[in-house]
Number of protein chains: 2
Amino acid sequence: MHILIVEDEAGIVQFLQQGLEEEGYTITSASDGLKGFELSQKENFDLILLDWMLPKMTGLELCKSIRLKNTSTPIIFLTAKDTVQETIEGLKAGANDYIKKPFSFDELVERIKIHFRNQNEDEILTLGSIKIDIPQHRVLVNEIEVALTQREFELLTYLVKNKGKVCTRTQIIEDVWDIHFEYDTGVIDVFMNAIRKKLNLKIEQDYIKTVRGVGYIAND
Amino acid sequence: MHILIVEDEAGIVQFLQQGLEEEGYTITSASDGLKGFELSQKENFDLILLDWMLPKMTGLELCKSIRLKNTSTPIIFLTAKDTVQETIEGLKAGANDYIKKPFSFDELVERIKIHFRNQNEDEILTLGSIKIDIPQHRVLVNEIEVALTQREFELLTYLVKNKGKVCTRTQIIEDVWDIHFEYDTGVIDVFMNAIRKKLNLKIEQDYIKTVRGVGYIAND
DNA sequence: GCTATTTTTTAAGAATTGCTTAATATTTTA
DNA sequence: TAAAATATTAAGCAATTCTTAAAAAATAGC
C-alpha cells in the first residue's frame, strides 16, 4: 500500500513516514502543493495525506484538483485548521476524513486502515466458471488450474474487479501497467489474446468482450 | 438512501431524524442494541449511525455483530465516549467513522455524504423506452439490447444528453466528430439513419425528430 | 556472475469491423 | 412543380483488433 504525504514541515513528515513505514506502508512525500499534485498524477497512490497550509498551492486546492481527475483515492486532511467550518470545507472539497492536529498517531493509523479494509476482502473473484483466488494467486476454470503469468493475472483481475463496466485502454494502461502518459502500443491486445487462449474463451460469445474503439468488458 | 439510527435518548433521535429527513434521507430508528441488530439483519440499510452506550447490547458489540455478517454498510459512531482509546476501539470494531458528542450537525451530514459519494457513478440515461447504460456501454430498447457501433453510440448519447434542445449539424460535427472546420458531408444523415433503424424508430412520431434546416432533437 | 528460462514487449501481417463517400430515392417547402 | 434538404443504400477504404513471431528484459538456476 502506497501513501502520499503532502506536508511542508520536515519534522512531521519524518515522524509520519517512520511510523507508517513501521506499519508496513510505502511512503512518498512532497513538501509543497504543486509537487504533491504532480506526484499524484504521475503515480497511483492508495491513499493521500494532506496538510492544509502548504507553499505554492493550499491543501484545499490540491484536494479539489486531485478530485477533478480521480474520485476514488481516499484523501485524509491532517491539519491545524480545527474549526467546524474548515472541517466542512475540507470534506466538501472531496476529502474522506479530516483529522485535527495535534492528533494521535494510533488513531491516524486506524483511520487509514478503514480505507483499506474492504480491499482484500474479495479474495476470491469469479467470472462465470472462472475463479480467481487472489491470496493464492491462482486461476481456475471449471476447477482446473490455469497457469497465468503476473501481467496476465493482473489484467484479468482488473477486468473482473470492474465486472460489468467497460475498461478503456487508457484506464488499463494507467491502472494495470501504471503508465501515466500517452502510450501507443499493442501490449494490451497481446495479453488479452494470451488470456483468452489460456482460459479458452471464444471472442464472440464469451466472458470478456471487446468494445471496439473503447476497450474491454467482463461479464458473466 | 435509508439510514438506521440506534440511540436510546429520544431527544437525540428526534433531532437527528428531523434533520436528516430534511436532507432527503429515509430514517429508521431503534432504541436499544438488540432491536438495532434485528433491524439491521431484516432490512438493507445504506448507512448505520450508532451510539455507544445502549441498553441490552452496547454499540461496540452491535458494531462487531453487524460486521460478522456484513462488511460493506458504513457504520458511524456518534457518542460521548471521547478518549483516543475508545475511538480506536470503535474503529477497530469495524466502524467507518467516529464522531464525538457534542457534534456539529452540518459536519455529521458531510461525513455521511462521504459514504454516498461514489454511488451515483453509474450514469444511465433514458429517452422514452430507450436506456443508455454508459459504464456498460449498452443500449436497451424495452429491455432488449441493441448493438450500436462506437459512433452510433456517441451520437445517440449526445442527443440524449441534450434532450429537449435542438442539436445543430454544426454542433454535432464539432462535438461528436471533433471536426472544427466547415465540413460539408452526409455522415450525420447516414448515422441517424442507422440509429433509427436499429432502435426501430419511425421518423415522424418518434423520440428523435429532424428539425429541417437545423439539425435534430431528442425528446421522450 | 554467467547462463538458461520465463516473461514482457515490440513489431508486422491478417482479419475484421465500421466509417465515409457517393449515388439514388424520397420528402418537404416555396 | 421545381428546388432544397434529408433519407437510404451499397461499396471502397481506413482504422482497430487479432494473431504470431521474434527481440528485449527480467528472473531463476547453477
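Residue numbering restarts at 1 for every chain, and letters A, B, ... go by the order of the sequence lines.
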Show me the donor-acceptor pairs within less than 3.5 Å that the side chains of residues 20-30 of chain A make with the rest of the protein, sequence neighbours left out.
{"residue": "A:Glu21", "atom": "OE2", "partner": "A:Gln17", "partner atom": "NE2", "Å": "3.1"}
{"residue": "A:Thr28", "atom": "OG1", "partner": "A:His2", "partner atom": "NE2", "Å": "2.6"}

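- Taking 4.0 Å as the cut-off between side-chain N and carboxylate O, A:Glu110 and A:Lys113 count as a salt-bridged pair.
- Evaluation of the ring pair (Phe, Tyr, Trp, His ring centres under 6.0 Å) rule for A:Phe105 yields A:Phe15 as partners, not counting sequence neighbours.
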Give me, pair by pair, the N or O atoms of the protein and of nucleotides 12-16 of chain D that are less than 3.5 Å apart, along with how far apart they are.
{"residue": "D:dT16", "atom": "O2", "partner": "A:Arg212", "partner atom": "NH2", "Å": "2.6"}

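- Across its full length, the helix from C:dG1-D:dC30 to C:dA30-D:dT1 shows an angle of 40° between the axes of its 5 terminal pairs at either end, rounded to 10 degrees.
- Side chain to side chain, B:Asn219 and B:Tyr207 fail the donor-acceptor criterion of an N or O pair below 3.5 Å.
- Counting only residues at least two apart or on different chains, the ring-ring contact (aromatic ring centres under 6.0 Å, His included) pairs with a member in residues 162-187 of chain A are A:Trp177-A:Phe191.
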Could you tabulate the donor-acceptor pairs under 3.5 Å formed by side-chain atoms of residues 84-92 of chain A, not counting sequence neighbours?
{"residue": "A:Glu86", "atom": "OE1", "partner": "A:Asp82", "partner atom": "N", "Å": "3.2"}
{"residue": "A:Glu86", "atom": "OE1", "partner": "A:Thr83", "partner atom": "N", "Å": "3.2"}
{"residue": "A:Glu86", "atom": "OE1", "partner": "A:Thr83", "partner atom": "OG1", "Å": "3.0"}
{"residue": "A:Thr87", "atom": "OG1", "partner": "A:Thr83", "partner atom": "O", "Å": "2.8"}

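- For the pair B:Met192 CE and D:dT9 P, the computed distance is 15 Å after rounding to whole Å.
- As judged by a 4.0 angstrom heavy-atom cut-off over every strand, B:Glu152 is placed among residues making no nucleic acid contact.
- As a whole-Å value, the separation of B:Ile195 CD1 from D:dT8 P is 13 Å.
- For A:Thr149, the side-chain hydrogen bond (donor to acceptor under 3.5 Å, both in side chains) test picks out A:Glu152, with sequence neighbours left out.
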Tell me which donor-acceptor pairs under 3.5 Å the side chains of residues 137-145 of chain B have, and how far apart each pair is, sequence neighbours excluded?
{"residue": "B:His137", "atom": "NE2", "partner": "B:Gln150", "partner atom": "OE1", "Å": "3.3"}
{"residue": "B:Arg138", "atom": "NH1", "partner": "B:Glu145", "partner atom": "OE1", "Å": "2.7"}
{"residue": "B:Glu143", "atom": "OE2", "partner": "B:Lys131", "partner atom": "NZ", "Å": "2.9"}

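- With hydrogens and angles left out, the side-chain atoms of A:Arg196 and A:Thr210 include a donor and acceptor closer than 3.5 Å.
- Among residues at least two apart or in separate chains, ring-ring contact (aromatic ring centres under 6.0 Å, His included) pairs with a member in residues 63-83 of chain A are A:Trp52-A:Phe77, A:Phe77-A:Tyr98.
- The nearest whole Å value for the distance from the CD atom in A:Glu154 to the P atom in C:dT7 is 14 Å.
- The shortest distance between the side-chain N/O atoms of B:Arg196 and the OP1/OP2 oxygens of D:dT8 is not below 4.0 Å.
- Contact between the side-chain N/O atoms of B:Tyr216 and the OP1/OP2 oxygens of D:dA5 is not found at any separation under 4.0 Å.
- If you measure from atom CZ of A:Arg151 to atom P of C:dT10, you get 11 Å, rounded to the nearest angstrom.
- Contacts of B:Thr73 classified as side chain to side chain contact (heavy atoms under 4.5 Å, CB included), with partners at least two apart in sequence or in another chain: B:Ile48, B:Asn70.
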Distances for protein N/O vs nucleotides 20-23 of chain D N/O pairs under 3.5 angstrom?
{"residue": "D:dT20", "atom": "OP2", "partner": "A:Lys197", "partner atom": "NZ", "Å": "2.8"}

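- Using a 4.0 Å cut-off between charged nitrogen and carboxylate oxygen, B:Arg169 and B:Asp189 count as a salt-bridge pair.
- Taking side-chain N and O atoms only, B:Thr210 has a distance below 4.0 Å to OP1 or OP2 of D:dA7.
- Salt bridge A:Lys101/A:Glu7: present, at least one basic N to carboxylate O contact under 4.0 Å.
- To the nearest angstrom, C1' of D:dA7 lies 7 Å from CG of B:Asp189.
- If you take NZ of B:Lys209 and P of C:dT27, they are 19 Å apart, rounded to a whole angstrom.
- In this structure, CD1 of A:Ile188 is placed 16 Å from P of D:dT19, rounded to the nearest angstrom.
- Atom CD1 of A:Ile172 is separated from atom C1' of D:dT17 by 13 Å (rounded to the nearest Å).
- If you check residues 173-187 of chain A against DNA chain D, you find no residue with a heavy atom closer than 4.0 Å.
- Under 4.0 Å is where a charged nitrogen must lie from a carboxylate oxygen, and between A:Arg111 and A:Glu107 at least one such pair does.
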